[in-house]
Amino acid sequence: MVKIAVSWSGGKDSTMCLHTILQDGKYDVSTLITTVTETYSRVSMHGVREELLDRQAESLGIKLVKIYIPADCTNEVYERKMTDAYNELLGLGVEAVAYGDIFLEDVRRYREKNMKDTGLHPIFPIWGRNTRELAAEFLMLGYKAKIVCVDLNRLSESYVGREYDQEFLDMLPEDCDPCGENGEFHTFVYKGPTFKKSIQFTMGEKIVRNDRFCYQELIPI
């Protein structure tokens with residue numbers, strides 16, 4: 001089987017990407033790769049503590065490769081860090097990287113451009129899926145997730161910290177994607193069929209950054 005890495009944010013889309021690959025049975029998932037903002041020791045964009053990321057990887061039983069980037073990372077630095085990560089993956093025998101992108105064409109083109117001539121090829125297991133159906137499948141499979149970040153330009157602070165469930169989906173405005181594919185919100189998955197055990201945490205405070213993003217602090221226990 002082709003040995004692959006999965007781009008892992010700890011959220012529902014990367015979880016469904018991994019789930020789909022494992023169900024397909026054609027690939028050997030050897031590695032997860034995650035960007036971590038080194039200044040804060042948190043998953044980039046999602047704001048989840050690095051310790052919770054480590055616990056996810058441990059529960060999944062998959063090796064985790066972290067890509068440390070500075071706060072306010074420039075695109076030049078990001079691409080250099082990604083090149084280093086791709087070289088590390090090649091050294092581990094990885095041949096492809098799977099992404100949980102669903103319909104953003106510009107994001108897909110950017111990934112394909114960055115991976116050109118790296119020796120790796122990108123795959124998109126849930127590309128083109130109906131996001132309402134994908135959200136329903138996530139819940140039907142028994143996965144559990146918390147809303148850890150919302151874009152206050154799209155959703156109010158009241159959405160952060162909620163459970164990602166049917167009630168949450170029913171509350172979303174009509175113009176908000178049920179998978180948050182446009183960046184409306186981000187999640188942390190803490191339980192489900194691919195996890196050997198659930199990730200334990202308590203709810204901390206809500207924090208607003210840059211007058212735009214509201215984060216829910218999750219504290220490992």
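- Inter-residue side-chain proximity for V148 and V43 is flagged as unmet; no heavy-atom pair is nearer than 4.5 Å.
- The same ILVMFWY cluster, assembled from side-chain heavy atoms under 4.5 Å apart, contains both L22 and L64.
- The CD1 atom of I221 sits 5.5 Å away from atom CD of Q200, with the distance rounded to the nearest 0.5 Å.
- Taken from CG in L18 to CE in M16, the straight-line distance is 10.0 Å, to the nearest 0.5 Å.
- Here the side chains of L92 and S30 are not in contact, with every heavy-atom distance at 4.5 Å or above.
- Between E51 and R55 there is a salt bridge, since a side-chain N of the basic residue sits under 4.0 Å from a carboxylate O of the acidic one.
- Atom CG in D28 sits 9.5 Å away from atom CD in E95 (nearest 0.5 Å).
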* **side-chain contact (heavy atoms from CB on, under 4.5 Å) between D54 and E50, intermediate numbers included** => CA-CA 6 Å; D54 291 335; E50 189 174 355; 4.2 Å; yes
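- Nearest heavy atoms, D13 versus G100: CB-O, 3.7 Å.
- Ring pair Y143/F138 is parallel by interplanar angle, where below 30° counts as parallel and above 60° as perpendicular.
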* To do: Evaluate the side-chain contact (heavy atoms from CB on, under 4.5 Å) criterion for residues I69 and S44: first the C-alpha distance (whole Å), next the side-chain angles of each, then the deciding distance (0.1 Å), finally the verdict.
  => CA-CA 8 Å; I69 62 173; S44 302; 3.5 Å; yes
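- The local environment of NZ in K146 is crowded, with over 12 non-hydrogen atoms from other residues, nucleotides or ligands closer than 6.0 Å.
- Y164 approaches C179 most closely through the heavy-atom pair OH-CA, 4.2 Å.
- In terms of heavy-atom proximity, G11 sits nearest to V189 at C-CG2, 3.5 Å.
- Within 6.0 Å of CG in N75 there are more than 12 heavy atoms belonging to other residues, nucleotides or ligands.
- At a threshold of 4.5 Å between non-hydrogen side-chain atoms, the residues L218 and M203 count as touching.
- Taking the charged nitrogens against the carboxylate oxygens, R42 and E217 do have a contact shorter than 4.0 Å, which makes a salt bridge.
- Between atom CG of residue D177 and atom CD of residue E184 there is a gap of 5.5 Å, rounded to the nearest 0.5 Å.
- With 3.5 Å as the limit, one finds no donor-acceptor pair spanning the side chains of Y99 and E112.
- Applying the ring pair (Phe, Tyr, Trp, His ring centres under 6.0 Å) test between F185 and each of F213, F168, Y159 identifies F168 as the sole match.
- Of all heavy-atom pairs spanning G183 and D151, the tightest one is O-CB, 3.6 Å.
- Other residues, nucleotides and ligands place no more than 12 heavy atoms under 6.0 Å from the NZ atom of K63.
- Summarising the geometry of I102 relative to T131, their closest heavy-atom pair is CG2-CG2, 3.7 Å, with the distance given to 0.1 Å.
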* Could you go through the ring-ring contact (aromatic ring centres under 6.0 Å, His included) check for Y215 and Y40 one step at a time? => CA-CA 13 Å; Y215 295 90; Y40 309 113; 9.4 Å; no
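- Donor-acceptor pairing under 3.5 Å is lacking for the side chains of D101 and Y110.
- Atom CG of D170 sits in a crowded spot, with more than 12 heavy atoms from other residues, nucleotides or ligands closer than 6.0 Å.
- From M1, atom CE reaches atom NZ of K26 across 12.0 Å, with rounding to the nearest 0.5 Å.
- Aromatic ring centres of F201 and Y190: separated by under 6.0 Å.
- Atom CZ of R111 and atom CZ of R108 lie 11.0 Å apart (nearest 0.5 Å).
- Cluster membership check: V6 shares its hydrophobic cluster with V107, using side-chain heavy-atom separations under 4.5 Å among Ile, Leu, Val, Met, Phe, Trp and Tyr.
- Using a 4.0 Å cut-off between a side-chain N of Lys or Arg and a carboxylate O of Asp or Glu, E133 and R129 do not qualify as a salt bridge.
- Summarising the geometry of G204 relative to Q216, their closest heavy-atom pair is O-NE2, 2.9 Å, with the distance given to 0.1 Å.
- At most 12 non-hydrogen atoms from other residues, nucleotides or ligands lie less than 6.0 angstrom from NZ of K197.
- T37 and T39 share no donor-acceptor pair across their side chains, judged by distance under 3.5 Å alone.
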